[in-house]
Asks: 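Following this message is one structure expressed as structure tokens.
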Amino acid sequence: MGFYNVATADQALAAYNGVYGPSGTSPYWPRDLTYEEYLGQETNLALYHLLTDGGSHYFHQANLHVYAPGRSLVFDWLETLLAKYAAYTDLPLLSPSWGEYGEYALKRYRHFEALRTGSSRVVIDPEGRRVRVEGKPLWVTGILAPGCEVYAGEKRCFLGRGEYGF
């Protein structure tokens with residue numbers, strides 16, 4: 001929900017179309033969107049985050065206003081997003097604390113920075129059932145070493161320099 005000053009579906013739609021509609025300040029769409037289309041567009045990025053990198057999303061206090069019995073912009077958005085998610089997978093959603101998410105985001109940053117700079121690599125010895133991490137820490141999937149986690153049957157570890165059995 002991109003607008004801090006909207007509390008109803010009509011207000012959200014008017015604000016969105018006022019920017020992205022054909023006569024908006026930054027026109028993108030050839031016609032004004034319906035509320036359902038607006039929710040569809042607003043949840044696309046969040047769905048991508050749920051299915052890939054776990055990026056976070058924020059809402060404004062006004063978006064929590066109950067504009068009709070059982071309806072708010074936030075819950076309309078969540079219901080649309082969760083229906084899309086359920087169409088792709090039945091994996092459970094995790095809801096980490098801010099501290100846990102911050103730790104995950106930092107590890108993810110360090111992983112991709114190590115790959116980008118070529119400062120790390122993983123050597124796998126399938127016969128000896130060993131994995132060796134050389135350089136900076138990396139995410140490694142498919143093994144279960146101390147400190148690793150299992151989610152939906154997938155084993156994942158953030159491993160520093162060293163050798164690990166699997």
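Values below: all heavy atoms of this structure, side chains included; hydrogens, waters and symmetry mates excluded. None of these values were measured; they are calculated from a predicted model.
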Asks: Quick check: closest heavy atoms across Trp77 and Ala46, and the distance to 0.1 Å?
Replies: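 Heavy atoms only, the tightest pair is CZ2-CB, 3.4 Å.
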Asks: Just distance, no hydrogens or angles: give the donor-acceptor pairs under 3.5 Å from side chains in residues 140-153, sequence neighbours left out.
Replies:
residue : atom : partner : partner atom : Å
Glu149  : OE2  : Arg156  : NE           : 3.0
Glu149  : OE2  : Arg156  : NH2          : 2.2
Tyr151  : OH   : Pro92   : O            : 2.2

Asks: Specify the closest pair of heavy atoms between Ile124 and Pro126, including all atoms of both residues, with the distance to one decimal.
Replies: O-CD, 3.4 Å
Asks: For Val122 and Leu159: C-alpha separation, side-chain torsions, deciding distance, then whether side chain to side chain contact (heavy atoms under 4.5 Å, CB included) applies.
Replies: CA-CA 10 Å; Val122 175; Leu159 301 175; over 6 Å; no
Asks: Please name the pair of heavy atoms, one in Leu39 and one in Thr80, separated by the smallest distance, quoted to 0.1 Å.
Replies: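 In terms of heavy atoms, the two residues are closest at CD1-OG1, 3.7 Å.
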Asks: Could you tell me which residues satisfy ring pair (Phe, Tyr, Trp, His ring centres under 6.0 Å) with Phe112, sequence neighbours excluded, listed by chain and number?
Replies: none
Asks: With a 4.0 Å cut-off on N to O distance, would you call Glu113 and Arg116 a salt bridge?
Replies: yes
Asks: Could I get the full list of ring pair (Phe, Tyr, Trp, His ring centres under 6.0 Å) partners for Tyr20, not counting sequence neighbours?
Replies: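 Tyr20: ring pair (Phe, Tyr, Trp, His ring centres under 6.0 Å) contacts with Tyr16.
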Asks: Heavy atoms only: give me the nearest Tyr48-Thr52 pair and the separation to one decimal.
Replies: O-OG1, 2.6 Å
Asks: Which atom pairs, donor and acceptor, lie under 3.5 Å between side-chain atoms of residues 64-72 and protein residues at least two apart or in another chain?
Replies:
residue : atom : partner : partner atom : Å
Tyr67   : OH   : Arg71   : NH2          : 3.2
Tyr67   : OH   : Asp76   : OD2          : 2.4
Arg71   : NE   : Asp76   : OD1          : 2.8
Arg71   : NH2  : Asp76   : OD1          : 3.3
Arg71   : NH2  : Asp76   : OD2          : 3.2
Ser72   : OG   : Phe75   : N            : 3.1

Asks: Applying side-chain contact (heavy atoms from CB on, under 4.5 Å), name anything that partners Ser120, two or more places apart in sequence or on another chain.
Replies: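 side-chain contact (heavy atoms from CB on, under 4.5 Å) check on Ser120 returns Ala114, Lys136, Leu138.
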Asks: Tell me whether Asn17 contacts the main-chain N or O of Leu33 through its side chain, where contact means a donor paired with an acceptor under 3.5 Å.
Replies: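 Confirmed, Asn17 side chain pairs with Leu33 backbone.
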Asks: Sorted by first residue and then second, give each disulfide bond (SG atoms under 2.5 Å apart) pair with at least one member in residues 54-144; sequence neighbours left out.
Replies: none
Asks: May I have all residue pairs that pass disulfide bond (SG atoms under 2.5 Å apart) and include part of residues 43-73, sequence neighbours excluded?
Replies: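 Counting only pairs at least two positions apart or across chains, no disulfide bond (SG atoms under 2.5 Å apart) contact touches residues 43-73.
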Asks: Tell me the closest heavy-atom pair linking Ala12 and Tyr38, and the distance in Å.
Replies: CB-OH, 3.8 Å
Asks: Among all residues two or more places apart in sequence or in another chain, which pass the side-chain contact (heavy atoms from CB on, under 4.5 Å) test with Asn44?
Replies: Gln41, Lys84
Asks: Would you list the pairs meeting disulfide bond (SG atoms under 2.5 Å apart) in which at least one residue belongs to residues 13-67, sequence neighbours left out?
Replies: none
Asks: If hydrophobic clusters are built from ILVMFWY residues whose side chains come within less than 4.5 Å, do Val6 and Tyr4 share one?
Replies: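 Cluster IDs for Val6 and Tyr4 differ.
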Asks: Quick one: are Trp29 and Glu37 in side-chain contact, heavy atoms under 4.5 Å?
Replies: no
Asks: At their closest point, which heavy atom of Tyr85 faces which heavy atom of Leu91, and how far apart are they?
Replies: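 That closest heavy-atom pairing would be OH-O, 3.1 Å.
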Asks: Could you list the residues that satisfy ring pair (Phe, Tyr, Trp, His ring centres under 6.0 Å) with His49, not counting sequence neighbours?
Replies: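 Scan of His49 (ring pair (Phe, Tyr, Trp, His ring centres under 6.0 Å), adjacent residues dropped) gives His57.
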Asks: Apply side-chain contact (heavy atoms from CB on, under 4.5 Å) to Glu163 and list each qualifying residue two or more places apart in sequence or on a separate chain.
Replies: Arg130, Arg132
Asks: Do any pairs count as a disulfide bond (SG atoms under 2.5 Å apart) and have a residue in residues 19-101, sequence neighbours left out, and if so which ones?
Replies: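 Checked against disulfide bond (SG atoms under 2.5 Å apart) - neighbours excluded - no pair reaches residues 19-101.
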Asks: Determine whether Tyr35 and Leu82 fall in the same hydrophobic cluster, where Ile, Leu, Val, Met, Phe, Trp and Tyr are linked whenever their side-chain heavy atoms lie under 4.5 Å apart.
Replies: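 Cluster IDs for Tyr35 and Leu82 match.
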Asks: Linking I/L/V/M/F/W/Y whenever any side-chain heavy atoms sit under 4.5 Å apart, do Phe158 and Tyr109 land together?
Replies: no
